[in-house]
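Below: one structure, written as structure tokens.
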Amino acid sequence: TSIEVTHDGGTTWQEFPINVITPAVNNNVNNRLLVDISSAAAGFANVQFRFKWSGGMYFWVIDDVYLANLPDNDLAISQPFYTPGSYATPITQICGDTFVIQATVSNKGGKTQQNLVLAGYVTDLAGKLYFADSLIIPDLAYGISDTLVTNGRFDPKDLPVGEYKITWRTYTPGVTDATAADNTISAKFEVTETTFAKEAIADDDVRAGGHYLYGNQFRTSNCWNPKDEFYATQATIQLTSSAGTLEGYQVVVYVLKVKDDVLSDFSNFETSKDINAADGSLEIVGLGDYTCAGEADFDDINVPLLDFDGKKLRLDPSTRYFVVVDHPAEGANIIRHAANLTSFKDFGMATFNTPVYVESQGRWFTGFTGNPQPVVRLGIENTFVGNKDIKQLDVNSLKIKTNPVVNKTLDLTINLDKTSDANLMIMDLQGKVISSTDLQSVQTKDMSLDVSSCKAGNYFVKLSTKDGIRALQFNVAK
């Protein structure tokens with residue numbers, strides 16, 4: 001949709017875009033919109049304007065249209081840079097994901113603004129302030145836009161697990177702005193226990209034509225401890241189907257490591273090389289597959305990940321990974337990828353934040369138009385780090401029967417080489433003890449431990465005897 005203006009009786013029309021995508025994902029609904037048509041109308045005796053839209057199956061309701069002189073003071077903020085590497089980042093990987101405050105500030109008013117401010121804040125959802133920074137701009141003339149970056153930097157390494165908000169704001173001190181609604185923009189992010197994600201929830205779906213790969217870029221932290229070992233355990237995706245069923249659809253997920261020689265801005269990334277190219281910018285380090293069986297549209301589909309030796313997929317520190325889903329060409333049942341189309345459409349993001357490879361064009365793209373964020377989440381785990389001098393028990397000494405736990409009971413099997421006293425301990429990922437159970441003269445035993453006090457998330461269960469220990473990670477789903 002747009003407004004077109006003429007000052008020569010309709011011979012030529014100048015277009016002023018309003019919506020570049022459909023109103024279903026546009027903010028200009030039931031609100032006041034001020035459109036500056038000065039470049040086409042100022043100084044002319046006869047001016048006409050008209051409303052234009054392209055597309056179908058929707059209505060554009062327009063009311064209370066009037067011409068007005070530009071207000072003296074009308075700042076606006078746009079295209080803030082979404083500084084977290086991902087919407088959701090595990091607490092073990094958030095360190096070093098340095099935040100910057102960057103946005104474009106525009107002067108839409110008729111008066112030069114002096115000593116205006118770009119400010120940014122990081123808070124939790126209750127308003128607790130963790131970081132604030134600002135920049136003063138001496139002057140900004142009418143019609144000028146400038147992309148600004150404040151000087152401060154914020155490392156979120158000390159944020160606990162939870163939800164947070166970044167707020168960008170521009171203002172001129174002591175001045176009332178004509179349209180205060182466009183002076184502030186906010187966006188959320190999360191620190192999680194073990195999950196990377198680019199979105200909080202899907203609200204629509206997308207797909208490219210033909211065969212394509214689609215997914216997310218995730219980055220591991222540069223702050224690992226010397227003995228840390230992190231593994232990618234599963235990818236969680238969501239799909240939709242034109243036939244109303246996903247039954248039998250095979251999901252293939254690739255974990256691609258971005259090679260170390262690729263620059264931070266991806267300016268030397270080989271966009272024309274596919275994932276199998278030895279001279280490309282990517283290396284396949286892991287994969288997983290899953291055949292759908294009864295999942296509905298937008299259901300979570302969990303795909304276990306392994307390396308090419310069938311072992312757990314070990315991650316490297318300070319490394320970029322593409323986690324992408326392989327989608328074949330359309331068949332009779334068209335499968336689309338679930339995504340969030342609204343939360344970040346007005347934000348700038350890192351290059352290749354949501355990579356797409358389109359086979360028919362033989363190249364990588366940085367994402368779909370409109371900046372949708374696909375549901376391709378990555379679950380990770382940290383191996384239990386205890387005293388390395390303690391002997392590890394045999395892999396068969398402790399096994400989990402059902403993982404994740406869905407009935408508040410963790411079912412285990414103990415199978416020791418010989419009879420021994422033992423201890424079973426449940427801990428969270430930070431080592432906090434949830435429960436401890438002493439066992440007398442045990443060798444082979446089935447156990448059920450109550451985990452009803454555990455919130456949804458990942459935990460360790462550790463079996464200890466005089467001969468050694470064995471620790472396993474499990475998930476509580478609620």
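- Both tests pass for R320 against the ring of F266: distance under 6.0 Å to the centre and angle within 45° of the axis.
- Ion pairing between a basic and an acidic side chain is recognised when a charged N comes within 4.0 Å of a carboxylate O; E283 and K257 show no such pairing.
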Evaluate the side chain to side chain donor-acceptor pair (under 3.5 Å) criterion for residues S86 and K198: first the C-alpha distance (whole Å), next the side-chain angles of each, then the deciding distance (0.1 Å), finally the verdict. CA-CA 5 Å; S86 297; K198 295 293 184 181; 3.2 Å; yes

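- By the 4.5 Å heavy-atom criterion applied to side chains, D204 and T342 are not counted as neighbours.
- Contact of the E190 side chain with the E163 side chain is registered, since non-hydrogen atoms from C-beta on lie closer than 4.5 Å.
- Figure legend: cation-pi geometry between R363 and F365, with NZ or CZ positioned under 6.0 Å from the six-membered ring centre and within 45° of its axis.
- When side chains are defined from C-beta on, V324 does not count as touching V376, because their heavy atoms never get closer than 4.5 Å.
- Aromatic ring centres of W224 and F230 lie closer together than 6.0 Å.
- Using a 4.5 Å heavy-atom threshold, the side chains of V251 and V325 count as touching.
- Aromatic pair F131/F99: centroids not less than 6.0 angstrom apart.
- Looking at V206 and Y214, their side chains come closer than 4.5 Å, going by heavy atoms from C-beta outward.
- Atom CD1 of I335 is separated from atom OG of S241 by 4.0 Å, given to the nearest 0.5 angstrom.
- With a 6.0 Å radius and a threshold of 12 heavy atoms from other residues, nucleotides or ligands, F347 has its CZ atom above the threshold.
- Between F49 atom CZ and T6 atom OG1 the span is 12.5 Å, to the nearest 0.5 Å.
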Let me see the working for S343 and Q373 under side chain to side chain donor-acceptor pair (under 3.5 Å), right down to the final yes or no. CA-CA 8 Å; S343 295; Q373 306 294 300; over 6 Å; no

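- T192 contributes no side-chain N or O that, together with a main-chain N or O of A88, makes up a donor-acceptor pair within less than 3.5 Å.
- Considering CG of L263 and OG1 of T351, their distance stands at 11.0 Å, rounded to 0.5 Å.
- D346 and Q79 form no side-chain donor-acceptor contact under 3.5 Å, judged by distance and modelled atom types alone.
- The environment of CD1 in I201 is sparse: at most 12 heavy-atom neighbours from other residues, nucleotides or ligands sit within 6.0 Å.
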For D299 and Q238, run side chain to side chain donor-acceptor pair (under 3.5 Å): C-alpha distance rounded to whole Å, both residues' side-chain angles, the deciding distance at 0.1 Å, then the answer. CA-CA 6 Å; D299 277 355; Q238 294 179 5; over 6 Å; no

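- You'll find the ring centres of Y321 and F196 outside the 6.0 Å limit.
- Residues R314 and E229 are paired through a salt bridge, judged by an N-O separation under 4.0 Å between the basic side chain and the carboxylate.
- Using modelled atom types and a 3.5 Å distance limit, the side chains of T170 and N183 yield no donor-acceptor pair.
- Here the side chain of D205 pairs no donor or acceptor atom with the backbone of R336 at under 3.5 angstrom.
- Distance check: D182 CG to L75 CG gives 8.5 Å after rounding to the nearest 0.5 Å.
- A side-chain donor-acceptor contact under 3.5 Å links Y290 and E295.
- Within a 6.0 Å radius of CG in D261, other residues, nucleotides and ligands contribute more than 12 heavy atoms.
- Considering CD1 of I94 and CG of L159, their distance stands at 7.0 Å, rounded to 0.5 Å.
- Looking at L313 and D307, their side chains come closer than 4.5 Å, going by heavy atoms from C-beta outward.
- Y82 and F189 have their aromatic ring centers separated by at least 6.0 angstrom.
- Side chains of D326 and H211 form a contact here, defined as non-hydrogen atoms less than 4.5 Å apart.
- Surrounding CG of N46 are at most 12 heavy atoms belonging to other residues, nucleotides or ligands under 6.0 Å away.
- Heavy atoms from other residues, nucleotides or ligands lying under 6.0 Å from CG of D265 number more than 12.
- Looking at heavy atoms from C-beta onward, P160 lies out of side-chain contact with V191 at the 4.5 angstrom threshold.
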Before giving the answer on side chain to side chain donor-acceptor pair (under 3.5 Å), spell out for E381 and T233 the whole-Å C-alpha distance, their side-chain angles and the decisive distance to 0.1 Å. CA-CA 7 Å; E381 69 176 16; T233 57; 5.6 Å; no

